[in-house]
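In what follows, a structure is listed as structure tokens, so that the remarks can point back to it.
Along the sequence shown, the residues carry numbers beginning at 1. A quick note: this is a predicted structure, and the numbers were derived from the prediction, not measured.
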Amino acid sequence: MRRSLRGILQVFITVNFAAVCAVIGLAQSNGSQTDTQRSVQSSQPGPTFVVREIDLQKSTTVIAYGDMRFTDPSNAKATNTPARRALVARVAQERPDAVLLNGDLTMHGGDQADYAIYQTETQAWRDAHLRVFPALGNHEFANCEIPQCLQNWWRTFPELKDRRWYSVQLGTKLYVIALDSNDSLLPGSQQHRWLEAQIASLPKNFQFVFITMHHEPVADIQLGADDNPRPNEMAVVDLLNKEKLKSKAKFIVVAGHIHNYERFEQGGVVYLVSGGGGAPQQTVERTPTDLYQDESFPNFHYVKFVLNGDTVDATMYRLADSSGSVWEAKDTFKVEANRTGSPKSTKPDRAISRRGTTSSRSVLKQMQNQ
């Protein structure tokens with residue numbers, strides 16, 4: 001699909017612990033797994049998983065990207081297999097403390113063979129003992145009814161059993177929240193209330209919160225495109241506009257769904273579109289609010305975040321050749337911690353709201369069709 005028409009308006013719009021580590025990539029260490037991280041019931045406001053500061057690198061590193069579409073390597077229409085594999089190999093070489101996958105890991109969530117290919121092609125991640133935290137995408141619900149789709153997902157990631165959203169504490173400064181944008185994020189929904197509780201219960205020492213999700217809440221609006229930000233994800237923007245005034249943490253939201261790279265900052269929150277994992281790339285007509293204006297194409301890529309003191313240094317690395325041997329840093333930016341008090345209030349950059357006449361039921365129906 002092409003996203004090539006210029007938008008007129010910019011809208012605001014991730015048992016047996018040894019087996020678990022082999023599947024999701026939660027770190028193994030010389031200590032016991034129960035010492036390294038713990039699982040907490042999702043009904044509680046604190047983190048679902050905890051990784052101790054001692055088990056992280058001095059400069060904690062997080063990599064984020066999505067839209068890989070693991071499937072039959074011969075299916076060239078569904079995914080670019082050489083790019084997909086090059087990204088997996090590159091991430092393994094980077095040896096980050098956490099890998100955030102923002103959805104569409106598989107081409108068809110109803111096809112167990114696709115998950116088997118994911119397992120085979122990412123063996124290097126398990127060999128490197130990487131911690132992998134996935135979020136559900138719309139392709140995880142393709143070719144299956146919802147209960148079966150989720151069973152396939154949880155069979156691949158058993159430590160997430162019965163959780164469609166969850167949180168991870170990475171040491172003492174970083175926090176990760178994985179959302180399911182296939183389910184309701186609207187005010188009053190279970191997920192929305194859970195997200196509110198997560199943010200409200202953040203200890204004051206946490207400086208940065210990564211939110212990973214599939215459907216993008218902010219993007220370059222393209223006239224006629226069917227993957228523009230939806231009211232369901234725009235609700236996250238509204239929530240952050242409210243909650244960031246109470247929290248000292250800086251928020252970084254990484255989504256996918258659009259098969260390209262985009263970067264925005266609204267109200268002190270960084271919003272990224274990182275859909276360069278292997279799915280066919282989409283052209284984007286970039287609006288003025290997009291902080292990335294480079295026209296290089298295609299943008300198979302990943303985003304690397306490195307915690308350096310009170311700053312997160314971020315770099316988007318783009319695959320510059322099909323062999324996977326040449327990578328180029330195409331976008332760099334910094335996110336600085338809030339050093340004193342709460343962040344200042346910033347008026348949202350939204351020109352119009354499409355949510356006023358949209359009911360939860362109609363939004364969920366729209367979600368099921370995308």
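- A salt bridge links D331 with R263: the distance from a Lys NZ or Arg NE/NH1/NH2 to an Asp or Glu carboxylate oxygen falls below 4.0 Å.
- A 4.5 Å side-chain heavy-atom check between V236 and L179 finds at least one atom pair inside the cut-off.
- Taking the ring axis of Y302 as reference, the NZ or CZ atom of R90 does not stay both within 45° of it and closer than 6.0 Å to the ring centre.
- The list of ring pair (Phe, Tyr, Trp, His ring centres under 6.0 Å) pairs with a residue in residues 53-93, not counting sequence neighbours, reads F70-Y118.
- Looking at every heavy atom in both residues, C144 comes nearest to E140 through SG-O, 4.1 Å.
- No donor-acceptor distance shorter than 3.5 angstrom exists from the side chain of S59 to the backbone of V306, with no hydrogens or angles considered.
- The list of side chain to side chain donor-acceptor pair (under 3.5 Å) pairs with a residue in residues 202-211, not counting sequence neighbours, reads Q207-D310.
- In E145, the CD atom is not crowded: 12 or fewer heavy atoms of neighbouring residues, nucleotides or ligands sit closer than 6.0 Å.
- The shortest heavy-atom contact between M316 and N299 is CE-OD1, 4.3 Å.
- Under the salt bridge (charged side-chain N to carboxylate O under 4.0 Å, His left out) criterion, E196 pairs with K242, sequence neighbours left out.
- At least one side-chain heavy atom of L185 sits under 4.5 Å from a side-chain heavy atom of M213.
- For the residue pair N260 and Q281, no side-chain donor N or O sits within less than 3.5 Å of a side-chain acceptor on the partner.
- Every pair tested for disulfide (SG to SG under 2.5 Å) that includes a residue from residues 275-318 fails, sequence neighbours excluded, so the list is empty.
- With sequence neighbours left out, the ring pair (Phe, Tyr, Trp, His ring centres under 6.0 Å) criterion links F141 to no other residue.
- No side-chain donor from either of Q191 and D183 sits under 3.5 Å from a side-chain acceptor of the other.
- Applying the disulfide (SG to SG under 2.5 Å) rule to pairs touching residues 204-246 yields nothing, sequence neighbours excluded.
- Remark: the N182 side chain and the H214 side chain contain no N/O donor-acceptor pair separated by less than 3.5 Å.
- In this structure, D220 contributes its side chain and E285 its backbone to no donor-acceptor pair below 3.5 Å.
- With sequence neighbours left out, the side chain to side chain contact (heavy atoms under 4.5 Å, CB included) criterion links D313 to N308, T311, K334.
- Heavy-atom contacts from other residues, nucleotides or ligands closer than 6.0 Å to CD of Q190 number 12 or fewer.
- Residues satisfying the side chain to side chain contact (heavy atoms under 4.5 Å, CB included) test with R85, not counting sequence neighbours, are P73, T81, E121.
- Between H257 and H215, the ring planes lie tilted relative to each other; the angle falls in the 30° to 60° range.
- A ring pair (Phe, Tyr, Trp, His ring centres under 6.0 Å) check over residues 72-93, counting only residues at least two apart or in different chains, returns nothing.
- No donor-acceptor contact under 3.5 angstrom links the side chains of Y271 and E262, judged on distance only.
- Panel note: side chain T61, backbone P96; no donor-acceptor pair is recorded below 3.5 Å.
- Under a hydrophobic-cluster definition in which Ile, Leu, Val, Met, Phe, Trp and Tyr are linked whenever side-chain heavy atoms come within less than 4.5 Å, directly or via other members, L105 and V62 are assigned to the same cluster.
- Between V99 and R131, the closest side-chain pair of non-hydrogen atoms is not below 4.5 Å.
- Among the candidates V168, V270, I252, V253, the single residue satisfying the side-chain contact (heavy atoms from CB on, under 4.5 Å) test with F210 is I252.
- Judged as a ring pair (Phe, Tyr, Trp, His ring centres under 6.0 Å), and not counting sequence neighbours, the contacts of F206 are Y175.
- There is a side-chain donor-acceptor pair under 3.5 Å between S296 and K330.
- Side-chain atoms of S189 come within 3.5 Å of backbone atoms of H192 as a donor-acceptor pair (strictly under, hydrogens ignored).
- Proximity of a side-chain donor or acceptor of W154 to a complementary backbone N or O of L160 within less than 3.5 Å is detected.
- Legend: residues meeting ring pair (Phe, Tyr, Trp, His ring centres under 6.0 Å) with F208, ordered by chain and number and at least two apart, are absent.
- Judged by distance alone, the side chains of S325 and D321 do bring a donor and an acceptor atom under 3.5 Å apart.
- Partners of D111 under the side chain to side chain contact (heavy atoms under 4.5 Å, CB included) rule, at least two apart in sequence or in another chain, are H108, A113, D114.
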